[in-house]
There are 2 protein chains.
Amino acid sequence: MEKQTVTIYDVAREAAVSMATVSRVVNGNPNVKPATRKKVLAVIERLDYRPNAVARGLASKRSTTVGVIIPDVTNIYFASLARGIDDIAMMYKYNIILTNSDDAGEQEVNVLNTLMAKQVDGVIFMGNHIDDKLRAEFKRAKAPVVLAGTVDPQGETPSVNIDYAAAVEEAVTALIKRGHEKIAIALGPLSQSINAEYRLAGYKRALNKAKLPYDDKLVYEAGYSYDAGTKLQPVIADSGATAVFVGDDEMAAGIINASVESGISIPDDLEVITSNDTIVTQIARPAITSITQPLYDIGAVAMRMLTKLMNDKELDEKTVTLPYGIVRRGSTKSAE
Amino acid sequence: MEKQTVTIYDVAREAAVSMATVSRVVNGNPNVKPATRKKVLAVIERLDYRPNAVARGLASKRSTTVGVIIPDVTNIYFASLARGIDDIAMMYKYNIILTNSDDAGEQEVNVLNTLMAKQVDGVIFMGNHIDDKLRAEFKRAKAPVVLAGTVDPQGETPSVNIDYAAAVEEAVTALIKRGHEKIAIALGPLSQSINAEYRLAGYKRALNKAKLPYDDKLVYEAGYSYDAGTKLQPVIADSGATAVFVGDDEMAAGIINASVESGISIPDDLEVITSNDTIVTQIARPAITSITQPLYDIGAVAMRMLTKLMNDKELDEKTVTLPYGIVRRGSTKSAE
DNA sequence: TATTTTCATGAAAGCGATTTCAATATCTAT
DNA sequence: ATAGATATTGAAATCGCTTTCATGAAAATA
């Protein structure tokens, strides 16, 4: 009992008009006599006609679908951006093809290619690093690409971010002002530019300005996860650091919980500042002081930029930098 | 400088074969002489030909795309299922069109329809409630639908879940065994069957078996969020309950944090058990005792079922119930 | 009223694949 | 070598819609 699909042709026949006319009313083309429009609409209603988006995509060469590449949907940070992306996409009648890339270069390239094969009108890319291969694919792609919460040091691809380096610098400077001299920094892989070229750079700048020595033994590389944090904690504890800046909220929560469990008091023995201001910072105890980012907006703005690009409009600015802030919570002492 | 796309026709011409043959080699059809295949492959390589998935979809009537409806990507519980879905989908070469529904009936229907218009081969639906309207749409849809982490009391739509009622009953029974007589239960909207017909039912059964009175003043309705939890906490505190079962991890975290802040000790003054075993249960302090669910697998199994359905195969069982467990963490006392 | 313009509409050509069916090759077994 | 079977190919129809172009009708202008 295959369900019968009603096509534009059926509607045309029933309404005694041509397919072209049906197409016009479906697409809101004004060149249709009101009476005709009404007649067609009635038939559409009666037959319960739904235009086939695939056929439409083939004929018009626009799929009203955009691809979204995300490291992992279960990552709250990126998921928050994704929510902003989807809302704006929906507002502009686009659908989202979402694919997890696990932050793996090869997978990212694959995924990008299958997205292009699906004729997406554009792509929003989220990830922690962009290598030459990927950058080349972006250029090669015939649909525009916008980065959300993702830096491209070359600045070639349009992107939306906050000023990570400045934010980290400010956070670390606050720590320094409170008297800390041994400040650790726990990041994701230093092979990723977001860590090496932005966060770490901001950290170094803060030390520099305060004339504090930079010691790479205080720089830790781990994964973006709670478990990575718990595993890293003993190492940090051994370093003698009295404060730590962390690049990921879940990691920070792991460090905090493991610290408390081993008798280290937060913030008295160790102050902790994290990066993303996700809900995790509120759930953890003590709650975690964090750089704040307009998560939803990063996604939303990226999607807005993409819609412009998809309609061949010029971008006001290719690299958008949204404001950040810092909220103090229980994992740091109050400033004197 | 529009990027030129190379079509199957170009390949056919260059390789001096017909489009049909090119199509065959692209699709791995064995009826092609090895020599021809090689020749065509070479041209494909040289021209960097990528089949247009939209055209393919139109011709073959299969889009190798499945729709996924999720209440909110930033909800860790559903995002975890989504991850399982996407992994299996990718394994079977399907892509995912992901859309947020905000758990709103009307929006869900809309989204389902636009997905069908996009000719998805199937859809996986996640949500907290299925009303008649939605159920009717599922039936009407010409692509199969599978529910993941979502109950349909009518059992009409294939689904993957755990036995929520039994799990809650077990959790509450454990509480009762530890001597609690006033046990509160905090759920999402009771208009949703997952809450009213499953969780609450399990709760009642546990009370019944223990011959404890059921008092609807101990039943709380709130949202699935951290803030909802913090707001609900004072109300629960006033009730005099000494334990509470919570239907959502973030809500549980909110209740716990607000309790501790107002001087209530967890688990000494109030024991808390939650439902979803997301990472939140580990981040919170005390860590939260929880029903455990195979989150990833619920999604993965649902997607596996969907692939069968999409290939017109029979399902071994329409309603799959995966095993649950209970992990004790700091928010409850140890059993004596 | 005759002549332009402007509107509405339909015919038909794609869009880039898949797929059926018939035709041609190639292989077997006499 | 030859009929029959089998393996390879290509021609052409389709999928369901958009869009261009031509045409007749209606409205505006002279």
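These values consider heavy atoms only, across backbone and side chains, with no hydrogens, waters or symmetry-generated copies. As the structure is a prediction and not an experimental result, all values here were calculated from the model. Just so it is clear: chains get the letters A, B, ... in the order the sequence lines come, proteins before strands, and each one is counted from 1.
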With the side chain defined as heavy atoms from C-beta on, T36(B) is closest, among dT8(D), dG16(C), dT18(D), to dT8(D)
Quick note, P51(B) side chain, CB onward, closest among dA17(C), dT9(C), dG16(D) is dA17(C)
With salt bridge (charged side-chain N to carboxylate O under 4.0 Å, His left out) as the criterion, how do K318(B) and D152(B) come out once you've worked through the C-alpha distance, each side chain's angles and the decisive distance to 0.1 Å? CA-CA 12 Å; K318(B) 200 168 166 185; D152(B) 174 12; over 6 Å; no
>> Is S23(A) close enough to dT18(D) that one of its side-chain N or O atoms is under 4.0 Å from OP1 or OP2 there?
In response: yes
### OP1 or OP2 of dG16(C) under 4.0 Å from side-chain N/O of R56(B)
no
Going by atom types alone, do Y224(A) and D103(A) pair a side-chain donor with an acceptor below 3.5 Å?
no
Among the nucleotides dT9(D), dG16(D), dG16(C), whichever has the atom closest to the side chain of A59(B) is dG16(C)
(message) Less than 4.5 Å apart, side chain to side chain, heavy atoms only: is that true for E14(B) and R46(B)?
(response) yes
Which of dT9(C), dC15(D), dG16(D) is nearest the side chain of T5(A)? It is dG16(D)
Note to self: I want to check one thing: is the phosphate of dT18(D), taken as OP1 and OP2, less than 4.0 Å away from some side-chain N or O of S60(A)?
What the structure shows: no
* Taking only N and O in the side chain of T21(B), is any of them less than 4.0 Å away from OP1 or OP2 of dT8(D)? -> no
Ordered by number, residues from residues 9-17 of chain B within less than 4.0 Å of DNA chain D (heavy atoms) are A16(B), V17(B)
Margin query: Is N27(B) close enough to dT18(C) that one of its side-chain N or O atoms is under 4.0 Å from OP1 or OP2 there?
Written below: yes
Residue pair V11(B) / R13(B), side-chain heavy-atom distance below 4.5 Å
no
Original post:
Looking for any heavy atom pair under 4.0 Å, which part of the strands does N31(B) touch: base, sugar-phosphate only, or nothing?
Top reply: base
note: K61(B), atom NZ; dT20(C), atom P; distance rounded to Å ~ 13 Å
Ranking dT26(C), dC15(C), dC21(C) by distance to the side chain of R24(B), first place goes to dC21(C)
Against the side chain of A20(B), the closest entry in dA11(D), dA17(C), dG10(C) is dA11(D)
